[in-house]
Amino acid sequence: MSEYFYLVCKEREVLLFLGKGVKKDDGILDYFAIGDTRNVANPLLTEVLWKFLADYGKYGLLVVSEYEAEFDVLAGYREIGGDRFGDITLEEYVSDWKGGAGWS
């Protein structure tokens with residue numbers, strides 16, 4: 001069964017979808033993937049992750065599974081890359097970031 005993860009900043013009520021957690025044979029988390037693509041192979045997502053760390057790292061971050069009890073509350077947070085009202089696309093999030101490649 002697949003398990004999906006998010007990088008969460010509770011203090012700022014924002015989250016980033018990390019994708020499916022792919023585990024090693026021993027059950028330890030190895031990497032994240034969205035679809036058939038490992039996240040490390042996605043330059044836009046990598047840039048978003050670095051900006052997210054710069055923006056929210058000082059507030060404390062957690063990696064949270066969709067199966068954790070608190071996830072129902074966290075699911076209401078603003079999502080970077082989400083498609084609900086109030087969310088922001090990945091491209092918009094990094095469009096004016098001086099540390100990025102310029103995705104706009």
Side-chain angles (χ1 to χ4, degrees):
M1 175 166 62
S2 296
E3 183 175 10
Y4 296 92
F5 292 85
Y6 293 80
L7 184 60
V8 178
C9 178
K10 287 183 176 181
E11 186 171 330
R12 306 302 291 174
E13 297 187 358
V14 64
L15 52 83
L16 174 65
F17 180 62
L18 295 174
K20 180 173 75 173
V22 179
K23 298 180 179 180
K24 300 178 200 176
D25 291 338
D26 62 4
I28 300 297
L29 191 60
D30 192 21
Y31 63 91
F32 299 103
I34 296 176
D36 293 330
T37 305
R38 294 175 312 150
N39 287 2
V40 70
N42 182 333
L44 174 59
L45 187 58
T46 299
E47 188 169 317
V48 166
L49 175 60
W50 280 108
K51 184 174 187 314
F52 194 93
L53 291 172
D55 288 346
Y56 302 109
K58 64 186 169 198
Y59 300 106
L61 301 173
L62 298 168
V63 174
V64 178
S65 164
E66 65 181 332
Y67 295 128
E68 292 184 35
E70 65 182 320
F71 185 73
D72 287 341
V73 172
L74 303 177
Y77 288 4
R78 181 178 194 203
E79 183 176 347
I80 308 301
D83 59 5
R84 297 171 305 176
F85 181 78
D87 290 345
I88 184 171
T89 68
L90 299 177
E91 293 83 2
E92 289 173 322
Y93 183 64
V94 295
S95 67
D96 63 350
W97 185 42
K98 291 184 177 21
W103 292 92
S104 57

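Being a predicted model, the structure only gives us computed values, none of them experimental. All values below come from the heavy atoms of this structure, side chains included, with hydrogens, waters and symmetry mates left out.
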**Report entry** Spacing of CZ belonging to Phe5 relative to CG belonging to Leu16, to within rounding of 0.5 Å
**Finding:** 14.0 Å
Query raised in the report: Does the side-chain contact (heavy atoms from CB on, under 4.5 Å) test come out yes or no for Ile88 and Glu79, once each step is laid out?
Result: CA-CA 7 Å; Ile88 184 171; Glu79 183 176 347; over 6 Å; no
Query raised in the report: Stepwise, does the side-chain contact (heavy atoms from CB on, under 4.5 Å) test hold for Glu91 with Leu44?
Result: CA-CA 8 Å; Glu91 293 83 2; Leu44 174 59; 3.3 Å; yes
Report summary line: d(Asp25 CG, Asp30 CG) to nearest 0.5 Å is 9.5 Å
Report task. Measure the shortest side-chain to side-chain distance between Tyr77 and Val8 over non-hydrogen atoms and say whether it is less than 4.5 angstrom. Result -> yes
Query raised in the report: Is there a donor-acceptor contact under 3.5 Å from the side chain of Arg38 to the main chain of Ala33?
Result: no
Report summary line: CG of Asp87 to CD1 of Ile80, rounded to nearest 0.5 Å, is 8.0 Å
Can I get a per-line list of side-chain donor-acceptor pairs under 3.5 Å for residues 50-69, giving both atom names and the distance, sequence neighbours left out?
{"residue": "Lys51", "atom": "NZ", "partner": "Asp55", "partner atom": "OD2", "Å": "2.7"}
{"residue": "Asp55", "atom": "OD2", "partner": "Tyr93", "partner atom": "OH", "Å": "2.6"}
{"residue": "Ser65", "atom": "OG", "partner": "Glu3", "partner atom": "OE2", "Å": "2.6"}
{"residue": "Ser65", "atom": "OG", "partner": "Tyr67", "partner atom": "N", "Å": "3.0"}
{"residue": "Glu66", "atom": "OE2", "partner": "Tyr4", "partner atom": "N", "Å": "3.1"}
{"residue": "Tyr67", "atom": "OH", "partner": "Ser2", "partner atom": "O", "Å": "3.0"}
{"residue": "Glu68", "atom": "OE2", "partner": "Ser65", "partner atom": "N", "Å": "3.1"}

Requested in this report: Check the pair Glu47 / Trp97 against side-chain contact (heavy atoms from CB on, under 4.5 Å), numbers first and verdict last.
Outcome: CA-CA 10 Å; Glu47 188 169 317; Trp97 185 42; 3.5 Å; yes
**Report entry** Reported CD1-to-CG distance for the pair Ile34 and Leu18, which is rounded to 0.5 angstrom
**Finding:** 7.5 Å
Query raised in the report: Transitively linked via ILVMFWY side-chain contacts under 4.5 Å: Tyr6 with Val40?
Result: no
**Report entry** Heavy-atom neighbours of Asp26 CG exceed 12 at 6.0 Å
**Finding:** yes
Requested in this report: Check the pair Leu29 / Lys23 against side-chain contact (heavy atoms from CB on, under 4.5 Å), numbers first and verdict last.
Outcome: CA-CA 4 Å; Leu29 191 60; Lys23 298 180 179 180; 4.3 Å; yes
Report task. State, yes or no, whether a side-chain contact exists between Glu13 and Arg78 at a heavy-atom distance under 4.5 Å. Result -> no
Requested in this report: Give a yes or no on whether the backbone of Thr89 and the side-chain of Glu92 come within a donor-acceptor separation of less than 3.5 Å.
Outcome: yes
